[in-house]
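Below is one structure; the comments refer to it alone.
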There are 2 protein chains.
Amino acid sequence: MSALTPEADPLAHPELEQIDLPDVLHALSDPVRLSIVAALASGEERTCKSFDLPVTKSTCTHHFRVLREAGVIRQRLEGTTRLNSLRRAELDGRYPGLLDAVLGAAGS
Amino acid sequence: MSALTPEADPLAHPELEQIDLPDVLHALSDPVRLSIVAALASGEERTCKSFDLPVTKSTCTHHFRVLREAGVIRQRLEGTTRLNSLRRAELDGRYPGLLDAVLGAAGS
DNA sequence: ATCCTTGTACGACGGATATCGAACTTTGAT
DNA sequence: ATCAAAGTTCGATATCCGTCGTACAAGGAT
């Protein structure tokens, strides 16, 4: 039962069907998190530190966790860093056009 | 200076250029408010009471104000009621595809 | 082994938020 | 004139949220 308990995994990601629209919108409603998502729009994997955000480390951890738990980003362990990427294809399948619209709106 | 002071107007709506994306996303991130917006998607004007929301009157007032101040809906006085409508064309001009994507996602 | 880098965990704190109930206002109907 | 209906306003409350600092853990480099 160890691998199946979600609480036990420190890097738990929601399944596609578990992603909730209000949660996604809330995750995107913060300027810091929106800038993270916009920076990931190119498709690259980037470490947390590479973003140069106007908040401290612990606040960064918080924002990346909110995005991950809402299903917006994926976090992958790589040595001592976490590589972040957008779950774009999955989000596009679940909520067609949403991410593009938000990214377009954030860019203007 | 009476007509130009925003605070004096109890039904102040933001101009298109003043609408802020994080504010809009936050306004849409609440399930009650999302259901209001979805119900207004047809384009009709509807009174507050016609929604039959699972909250009290004063909470309704709160949610409609959040949506109005974020620029998502317009409220018009008509006798003793307020007629609510989506600012769809304006939002579409400012954030193309956003409202459609959210409404599509909320409907599924 | 030691240190540096990257990030998490744990409180803590102040401000925002969703909710309610009760009192009030305004309008329209009886 | 009275009354009911639709909302607002005003506290009050409980919770959530963004932020920070400090302490901690794990990997990589020297």
Side-chain angles (χ1 to χ4, degrees), chain A residues 6-13 20-37 39-40 44-85, chain B residues 6-13 20-37 39-40 44-85:
Chain A
E7 292 85 359
D9 188 355
L11 239 67
H13 295 74
D20 187 48
L21 180 61
D23 286 348
V24 172
L25 295 174
H26 170 255
L28 296 174
S29 72
D30 180 272
V32 174
R33 290 194 292 264
L34 203 48
S35 76
I36 293 172
V37 171
L40 291 173
E44 300 178 290
E45 277 189 317
R46 293 183 52 175
T47 67
C48 299
K49 256 302 178 270
S50 74
F51 286 89
D52 195 35
L53 300 169
V55 287
T56 64
K57 276 195 304 178
S58 43
T59 303
C60 284
T61 296
H62 165 69
H63 285 310
F64 281 103
R65 179 173 47 220
V66 170
L67 287 170
R68 171 171 47 81
E69 292 181 346
V72 178
I73 68 171
R74 176 170 293 112
Q75 285 189 296
R76 186 169 68 85
L77 297 158
E78 175 96 5
T80 166
T81 75
R82 275 95 183 118
L83 287 175
N84 304 278
S85 56
Chain B
E7 291 86 359
D9 187 355
L11 240 67
H13 295 73
D20 187 48
L21 179 62
D23 286 347
V24 171
L25 295 174
H26 171 254
L28 297 174
S29 73
D30 180 272
V32 174
R33 290 194 291 264
L34 202 49
S35 76
I36 293 171
V37 171
L40 290 174
E44 299 177 290
E45 277 189 316
R46 294 184 51 177
T47 67
C48 299
K49 256 302 179 274
S50 73
F51 286 89
D52 195 36
L53 299 169
V55 288
T56 63
K57 278 195 304 178
S58 43
T59 304
C60 284
T61 296
H62 165 69
H63 285 309
F64 281 104
R65 180 174 47 221
V66 170
L67 287 170
R68 171 171 48 81
E69 293 181 346
V72 178
I73 67 170
R74 174 169 292 115
Q75 286 190 295
R76 186 169 67 85
L77 297 158
E78 174 96 4
T80 166
T81 74
R82 276 93 181 120
L83 288 175
N84 304 277
S85 56

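Hydrogens, waters and symmetry mates play no part in the numbers below; they use all other heavy atoms, side chains included. Just so it is clear, the structure is predicted and the values come from calculations on it, not from any experiment. A note on names: the letters A, B, ... follow the listed sequences, proteins ahead of strands, and every chain is numbered from 1.
- Listed in residue order, the members of residues 70-79 of chain A having a heavy atom less than 4.0 Å from DNA chain C come to none.
- Rounded to an integer number of Å, the gap from B:His26 NE2 to C:dA18 C1' is 10 Å.
- In this model, the phosphate group of D:dG7 is not approached by any side-chain N or O of B:Arg65 to a distance below 4.0 Å at OP1 or OP2.
- The two residues B:Asp23 and B:Ala70 make their nearest non-hydrogen contact at O-CB, 3.8 Å.
- Nearest to the side chain of B:Arg82, among D:dA6, C:dG21, D:dT8, sits D:dT8.
- At whole-Å resolution of the value, NE2 in A:His63 and P in C:dT8 are 13 Å apart.
- Heavy-atom minimum distance, B:Ala27 versus B:Arg33: O-NE, 2.8 Å.
- Minimum atom distance to the side chain of A:Ser58 is reached by D:dG21, of the listed D:dG21, D:dT9, C:dG7.
- Here B:Thr81 lies in heavy-atom contact (under 4.0 Å) with sugar-phosphate atoms only.
- With rounding to whole Å, B:Glu45 atom CD is found 17 Å from D:dA6 atom P.
- Residue-to-nucleotide proximity on DNA chain D shows that, of A:Thr80 and A:Arg33, the 5′-proximal contact is made by A:Arg33.
- Formation of a donor-acceptor pair under 3.5 Å by the B:Asn84 side chain with backbone atoms of B:Arg82 is found in this model.
- Residue pairs meeting the ring-ring contact (aromatic ring centres under 6.0 Å, His included) criterion with at least one member in residues 59-83 of chain B, sequence neighbours excluded: B:Phe51-B:Phe64.
- Taking each heavy atom of A:Arg68 and A:Ala12 in turn, the nearest pair found is NH1-O, 3.0 Å.
- Among the protein residues, A:Lys49 comes within range of the sugar-phosphate backbone only, with heavy atoms under 4.0 Å from sugar or phosphate atoms but none that close to a base.
- In terms of position on DNA chain D, the residue among B:Arg46 and A:Thr59 whose nearest nucleotide sits closer to the 5' end is B:Arg46.
- In terms of phosphate contacts, B:His62 brings no side-chain nitrogen or oxygen within less than 4.0 Å of OP1 or OP2 of C:dC20.
- No donor-acceptor distance shorter than 3.5 angstrom exists from the side chain of A:Arg46 to the backbone of A:Leu83, with no hydrogens or angles considered.
- In this structure, B:Thr56 reaches the C:dC20 phosphate: one of its side-chain N or O atoms is under 4.0 Å from OP1 or OP2.
- Protein atom CD1 of A:Ile36 is 11 Å distant from nucleotide atom P of D:dG18, rounded to whole Å.
- Spacing between atom CG of B:Leu67 and atom P of C:dT17 amounts to 13 Å, rounded to whole angstrom units.
- Judged by distance alone, the side chain of A:His26 and the main-chain N or O of B:His26 form no donor-acceptor pair under 3.5 Å.
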